[in-house]
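Quick caveat: nothing in here was measured; it's all calculated off a predicted structure. Both counts, for ligands and for their atoms, begin at 1 and track the order of listing. Just the heavy atoms: all of them, side chains too, but no hydrogens, waters or symmetry mates, feed the values below.
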Amino acid sequence: MANDLKQLALDGGAPIFPEGPPAWPRADDDVRAALLAAYEDGSWGKYDAQHVAELCAELTKLHHVEHALACCSGTFAVELALRGVKVRPGDEVILAGYDFPGNFRAVEAIGARAVLVDIEPHTWCLAVEQVEAAISPETKAVLVSHLHGGVADMERLVALCRARGIAVVEDACQSPGSEVQGRVAGTWGDVGVLSFGGSKLLTAGRGGAIVTNDAQIAQRAKIACERGNNAFPLSELQAAVLCPQLRRLPVDNALRLANATRLRMLTAALPGLIPVTSPPERGSSGYYKFAWSYAPATLDGAPRESFVAAMQAEGVAIGAGFRSFVGRSATRCRRVGNLPHSREAAEATVLLHHPVLLSSTETVDRVVLALRKVLTALQ
Ligand SMILES: Cc1ncc(COP(=O)(O)O)c(C=O)c1O
């Protein structure tokens, strides 16, 4: 095994992607036209023009809901969603032990308490069967994310929570426009959350939104967002560049799904990598990232950092996953069980960034080649 794995590409010949990973955001004539139009009509510098309203109208159409509210980030949209379902200080919010770090903080920002349950080992999403044991008289909401190409079991979660009067906040920041159990991601819960951050499938550099059918949730979130003077807005210019991306989302999601399916198939037999897999009846995820669990036992114990560094040397945008909340102190949260799958996800997850999934099958095959090359060298 090579000692300095950053040298692997050199030792093993030229990198598979000498040009490096594809840029994000990508070149986009529709976005360029939107930017120029916003310059020409002055909407780029206005408090209020037509773009935010147009974006929200498009979001309601895409999600088949009555209300959409745009704001400054996905992280803040999670907080707005929690406020929308009336989470108050002292309430409990159940979420997965492995999730986006900001989601834990959004619960804390309200003065509520996070209650951690484990994830499913294959989908990386909250395990619904754990939720029942987590419910207490203080439980106000469950916050659930579709993560890393995995799909949460929303149908079962919503049925469980409805029966107990508990709200569901569905975080679709990683899977906008994807199909979950026959509905658009974000529309199973009482309120759904989207992100328009700089690495996301829909990007404006920053930004987020909530979608809901409930007028009272929408109104409470709007009041919290405006705080007297639209304190946490999405700008007109951000909305202007999102509108054309939103129109193309179904086509882009279909291409990402086809390439992710190919990637899963071609890497199934590789040693050391176990891909995220959801039962087919759950539908498809949006593939903001494609995840594997990295299992070094089959690879001479080579640590995850070595694998990631070697893949990056091949020009592939791969990184480690989230750190998980399992180590958070008991003063900050309540844990249900030992959360073994959340612990494992924190230690073992590797994530392929999505831009490569908008490329050709030939490019996907080159990613497989790079994986094969690196894994062979690590054995
Ligand atoms: C699942 C999930 N929720 C929320 C967010 C927060 O979005 P933002 O970066 O727009 O604040 C992210 C961002 O990566 C995310 O992955």
Side-chain angles (χ1 to χ4, degrees), residues 24-25 55 59 68-84 93-110 114 116 119-120 123-126 141-152 154 157 168-178 180 185-186 188-189 191-211 221 224-225 231-235 238-239 241-242 245-246 256 276 278 285-291 317 319-325 342 345-346 349-355:
W24 192 260
L55 176 71
L59 287 173
L69 173 74
C71 67
C72 59
S73 72
T75 303
F76 191 63
V78 171
E79 186 180 325
L80 287 180
L82 292 169
R83 290 188 188 280
V93 176
I94 296 169
L95 76 163
Y98 178 89
D99 199 352
F100 175 68
N103 286 4
F104 189 101
R105 300 304 301 273
V107 174
E108 287 189 321
I110 296 177
L116 304 178
I119 55 169
E120 298 176 312
T123 67
W124 272 255
C125 297
L126 175 142
V142 175
L143 170 55
V144 55
S145 306
H146 304 292
L147 280 189
H148 307 338
V151 185
M154 294 307 300
L157 179 65
V168 175
V169 173
E170 184 181 359
D171 181 340
C173 287
Q174 297 200 359
S175 52
S178 64
V180 173
W188 275 99
V191 52
V193 181
L194 301 167
S195 164
F196 309 131
S199 62
K200 293 295 190 313
L201 304 182
L202 297 166
T203 180
R206 302 277 172 186
I210 62 161
V211 288
C225 188
F232 307 98
L234 187 82
S235 76
Q238 287 171 306
V241 298
L242 285 165
Q245 296 177 63
L246 194 58
R256 276 187 288 261
V276 65
S278 300
S285 182
Y287 290 105
Y288 163 60
K289 307 272 184 185
F290 187 100
F322 300 142
R323 291 178 59 192
S324 95
F325 311 134
S342 303
T349 302
V350 290
L351 299 172
L352 175 71
H353 194 30
H354 66 86

- Non-neighbouring partners of Phe290 that pass ring-ring contact (aromatic ring centres under 6.0 Å, His included), sequence neighbours left out: Tyr287, Trp292
- Below 4.0 Å from any atom of ligand 1, which residues have a heavy atom? Give them in chain and number order, please. Ser73, Gly74, Thr75, Phe100, Asn103, Leu147, Asp171, Cys173, Gln174, Ser195, Lys200, Gly207
- Query: Looking at Tyr98, Tyr288, Trp124, which one forms a side chain to side chain donor-acceptor pair (under 3.5 Å) with His148?
  - Reply: Tyr98
- Task: If a pair satisfies salt bridge (Lys or Arg N to Asp or Glu O under 4.0 Å) and one of its residues is in residues 93-107, list it, with sequence neighbours excluded.
- Result: Arg105-Glu108
- Message: Are Leu147 and Phe322 packed together at the side-chain level, in the sense that at least one heavy-atom pair is separated by less than 4.5 angstrom?
- Response: yes
- Message: Applying side chain to side chain contact (heavy atoms under 4.5 Å, CB included) to Leu202 and Leu194, what does each step give before you reach the verdict?
- Response: CA-CA 9 Å; Leu202 297 166; Leu194 301 167; 5.8 Å; no
- Message: I'd like to check the side chain to side chain donor-acceptor pair (under 3.5 Å) partners of Ser342; sequence neighbours left out, ordered by chain and number.
- Response: Asp118
